[in-house]
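Chain A is the first sequence line, chain B the second, and so forth, proteins listed ahead of strands; every chain is numbered from 1.
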Amino acid sequence: MSKPSLARGTRDFGPEQMARRNFILDTIRRNYQRYGFQPLETPALENLSVLMGKYGDEGDQLLFKILNSGDFKSKTTSEDWEGTAKSLTTKISEKGLRYDLTVPFARYVVMNRGSLAMPFKRYQIQPVWRADRPQRGRYREFYQCDADVVGTDSLLCEAEIVGLLHDIFPQLGIEDFVVKINNRKILTGIAEVVGAQGQEGTLCVAIDKLDKIGKEKVKAELVERGFQSNSIELLEPIFDLDKNKDPFAVLKEWLGSSEIAMEGIRELEQVWHFIQLSGLENPRIEFDVTLARGLSYYTGAIFEVKAQGVQIGSISGGGRYDNLTGTFGVPGISGVGISLGVDRIYDVMEELGLFPESHTTSTQLMLTNFDREAFEYGLSILSSLRRAGINTEMYPDSVKLKKQLDFADKKQIPYVMLIGSEEIQSGMLTLKNMKTGEQKKLELAQVIETILQ
RNA sequence: GAGGUUGUAGCUCAGUCGGUUAGAGCGCUAGAUUGUGGUUCUAGAGGUCGCGGGUUCGAGACCCGUCUCCCUCCCCA
């Protein structure tokens, strides 16, 4: 016999947590639908051939792999066992848990491209799994809430995502947030201009840490990773960019020789313009040239949302990918999407005390039951109360009234109906308000009226 | 994947230098109150000290291993 325990990095969600999580999920779902996104669900399990190689080398390590069923050993050779863990894995595991929702979505689009109306807008709210080391705000199983549009290059999509975020977060009570925006093309252009083509990935990883570790350490890291010192000198404009009123103008001058950088800048200007046209008041958007994001498939705009005043990672991220379906043999389908992290949003809301109180209770009225007669009488009026729209339950056992009231108190049920011989004879039911302790004798119709008002 | 840290009752935590029967608060159960919750009072139940091994006359405490929690790096939501 062993004590039960949770798998590392996983959690249970009890009733009050679920009420809060559902509040978040419902808010997100409602807004996704209002922008014309349609629901999609895909399996928790995917073939590893679908998942592997999509998240970089480190991503493959973070995939949970599922051991083949049956006698997987008999299908391997002794050479397999002597080789690397990686090559053995491919022999004994062919399925894995999904790592995000974007890749399964790409697979779905490819498999259904004949019948989908393009551009296709879908939202997807499901758990994903990562074999990461758990920490505050990081779990091995967590929910993502994705919304993506595929099949159009229109920058309207980028602007719509910004609008969507500006609808969702205030509705959750998170007023103080920033949508950081950058464009991968600008980063590519920078690598070009400083003479570090092809080292763009390294550049991104280092620059991304600027706000965390500071300018000098970023430079040190670049040196360590083999950057030429004149390349690093040429990077200087990046470090002062946030002090400028018009960063786009500065960038245009600096990166004028790079066609791709200019394209990225033009795209962002267009997005800003669309946001302005859409009439969004006080947009909380910020161009951040140091925003890079790790996922290698982004090619255009990239987003990240930070909640201010809370020490927690980003609560949302996303971007445009020009060729996601390319790895599945269908090039040329571009898309742009956003992913919200419910678990982190939950932590932010908890820390800032933003949960509305009314979301925890579900039962409004409990009928007591202290003998057979009361039980039968209660049963006869139970369904009328429920049909009237009141969440009602009857205490299932005939035990002492004290115990029943104690239960109602713990479950924070606001009303309790006391039924005894006196009430049954007169038809006047005793309704007790658990908050005030006040009791009244009422007819059934009056009881319903009292509770519903 | 690298480094650090934690684990004692349902929960939060004491437990001295290695020494007799491992404690507190909260919670739980029962009673004071056989038709009335929250407050109060009284009594009670509840422990393989994460797990496995070792040192010792003796281990909750010391040593090794392992799992877990939390943190830093890496990376990310």
What does A/Thr368 touch in the nucleic acid at a heavy-atom separation under 4.0 angstrom: a base, only the sugar-phosphate, or nothing?
nothing
Between CG of A/Leu367 and P of B/U36 the distance, given in whole Å, is 19 Å
Among the nucleotides B/C76, B/G35, B/C28, which one has an atom lying closest to any side-chain atom of A/Lys410?
B/C28
When you measure only distances, ignoring hydrogens and angles, does the side chain of A/Gln404 come within 3.5 Å of the base of B/G35 through a donor and an acceptor?
no
Are A/Phe142 and the base of B/A77 stacked, counting only ring centres nearer than 5.5 Å and planes tilted under 30°?
yes
How long is the line joining CD of A/Gln425 and P of B/G35, in whole Å?
16 Å
Name the nucleic acid region contacted by A/Ser421, choosing base, sugar-phosphate or nothing; use a 4.0 angstrom heavy-atom cut-off, strictly under.
base
Please produce a list of atom pairs where a protein N or O lies less than 3.5 Å from an N or O of nucleotides 66-69 of chain B.
unit_1 : atom_1 : unit_2 : atom_2 : d
B/C69  : OP2    : A/Arg8 : NE     : 3.1

Record whether the side chain of A/Arg138 comes under 3.5 Å of the base of B/C71 through a donor-acceptor pair of N or O atoms.
no
Could you give the CZ-to-C1' distance, from A/Arg21 to B/A77, as a whole number of Å?
12 Å
Aromatic ring centroids of A/Tyr123 and A/Phe37 under 6.0 Å?
no
Kindly state each residue pair satisfying salt bridge (Lys or Arg N to Asp or Glu O under 4.0 Å) with at least one member in residues 366-379 of chain A, sequence neighbours excluded.
A/Arg372-A/Glu376
Counting only heavy atoms not in A/Gln17, do more than 12 sit closer than 6.0 Å to its CD atom?
yes
Please state whether the phosphate of B/U72, meaning OP1 or OP2, lies under 4.0 angstrom from any side-chain nitrogen or oxygen of A/Gln135.
yes
In this structure, how many angstroms lie between the C1' atom of B/U29 and the CZ atom of A/Phe407, rounded?
17 Å
Please figure out whether A/Thr430 or A/Gln61 has its closest RNA chain B nucleotide nearer the 5' end.
A/Gln61
Report the residues that fulfil side chain to side chain donor-acceptor pair (under 3.5 Å) with A/Lys400, sequence neighbours left out, ordered by chain and then residue number.
none
Write down the distance between OH (A/Tyr55) and P (B/A77), rounded to a whole number of angstrom.
11 Å
Counting C-beta onward and ignoring hydrogens, is there a side-chain heavy-atom pair between A/Leu97 and A/Ile66 closer than 4.5 Å?
yes
How long is the line joining OH of A/Tyr99 and P of B/C75, in whole Å?
12 Å
Does either side chain, that of A/Asp288 or that of A/Thr290, offer a donor lying less than 3.5 Å from an acceptor on the other one?
yes
Out of B/G35, B/G37, B/A77, which nucleotide sits closest to the side chain of A/Gln144?
B/A77
Assign A/Tyr139 to base, sugar-phosphate, or nothing according to its heavy-atom contacts below 4.0 angstrom with the strands shown.
base
Students often get this wrong, so: under 4.0 angstrom with heavy atoms, is A/Glu304 touching a base, only sugar-phosphate, or nothing?
nothing
All salt bridge (Lys or Arg N to Asp or Glu O under 4.0 Å) counterparts of A/Lys95, not counting sequence neighbours:
none
Compare the minimum distances between each of B/U36, B/A2, B/G37 and the side chain of A/Arg133, then state the nucleotide with the smallest one.
B/A2
Those residues that, when tested against A/Arg284, pass salt bridge (Lys or Arg N to Asp or Glu O under 4.0 Å) (two or more places apart)
A/Asp176
With the side chain defined as heavy atoms from C-beta on, A/Leu418 is closest, among B/C71, B/A77, B/U36, to B/U36
Taking side chain as C-beta onward, heavy atoms only, is A/Ile302 less than 4.5 Å from A/Asn183?
no
Would you mind telling me which of B/G35, B/G37, B/C76 lies closest to the side-chain atoms of A/Arg344?
B/C76
Rounded to the Å, how far apart are A/Leu405 CG and B/G37 C1'?
5 Å
Atom pair distance, as rounded to whole Å: CD1 in A/Ile345 and C1' in B/A77:
9 Å
Inter- and intrachain pairs under salt bridge (Lys or Arg N to Asp or Glu O under 4.0 Å), touching residues 141-162 of chain A, at least two apart
A/Lys121-A/Glu160, A/Arg122-A/Asp148, A/Glu158-A/Arg320
Using atom C1' of each nucleotide, how far apart are B/G27 and B/C70 to the nearest Å?
25 Å
Report which part of the nucleic acid A/Asp406 touches: base, sugar-phosphate, or nothing (heavy-atom distance under 4.0 Å, all strands).
sugar-phosphate
For A/Ser316 and A/Gly437, find the nucleotide of RNA chain B closest to each by heavy atoms; which residue's nucleotide sits nearer the 5' end?
A/Gly437
A/Glu192: what forms a side chain to side chain donor-acceptor pair (under 3.5 Å) with it, not counting sequence neighbours?
A/Ser258
Using a cut-off of 4.0 Å on non-hydrogen atoms, how would the nucleic acid contact of A/Lys306 be classed: base, sugar-phosphate, or nothing?
nothing
Residues forming a salt bridge (Lys or Arg N to Asp or Glu O under 4.0 Å) with A/Arg386, sequence neighbours excluded:
none
What pairs with A/Asp60 under salt bridge (Lys or Arg N to Asp or Glu O under 4.0 Å), at least two apart in sequence or on another chain?
none
Does RNA chain B take part in any stems of at least 3 consecutive Watson-Crick or G-U pairs (both distances under 3.5 Å), and if so, which ones?
B:1-4 with B:70-73, B:10-13 with B:23-26, B:28-32 with B:40-44, B:50-54 with B:62-66
Taking B/U56 as the reference, what is the distance to B/C73 when you measure between their P atoms (whole Å, please)?
44 Å
Set of residues satisfying side chain to side chain donor-acceptor pair (under 3.5 Å) with respect to A/Thr89, sequence neighbours excluded
none
Which pairs, protein N/O on one side and nucleotides 31-33 of chain B N/O on the other, fall under 3.5 Å?
unit_1 : atom_1 : unit_2   : atom_2 : d
B/G31  : OP1    : A/Lys400 : NZ     : 2.9
B/G31  : OP2    : A/Lys400 : NZ     : 2.8

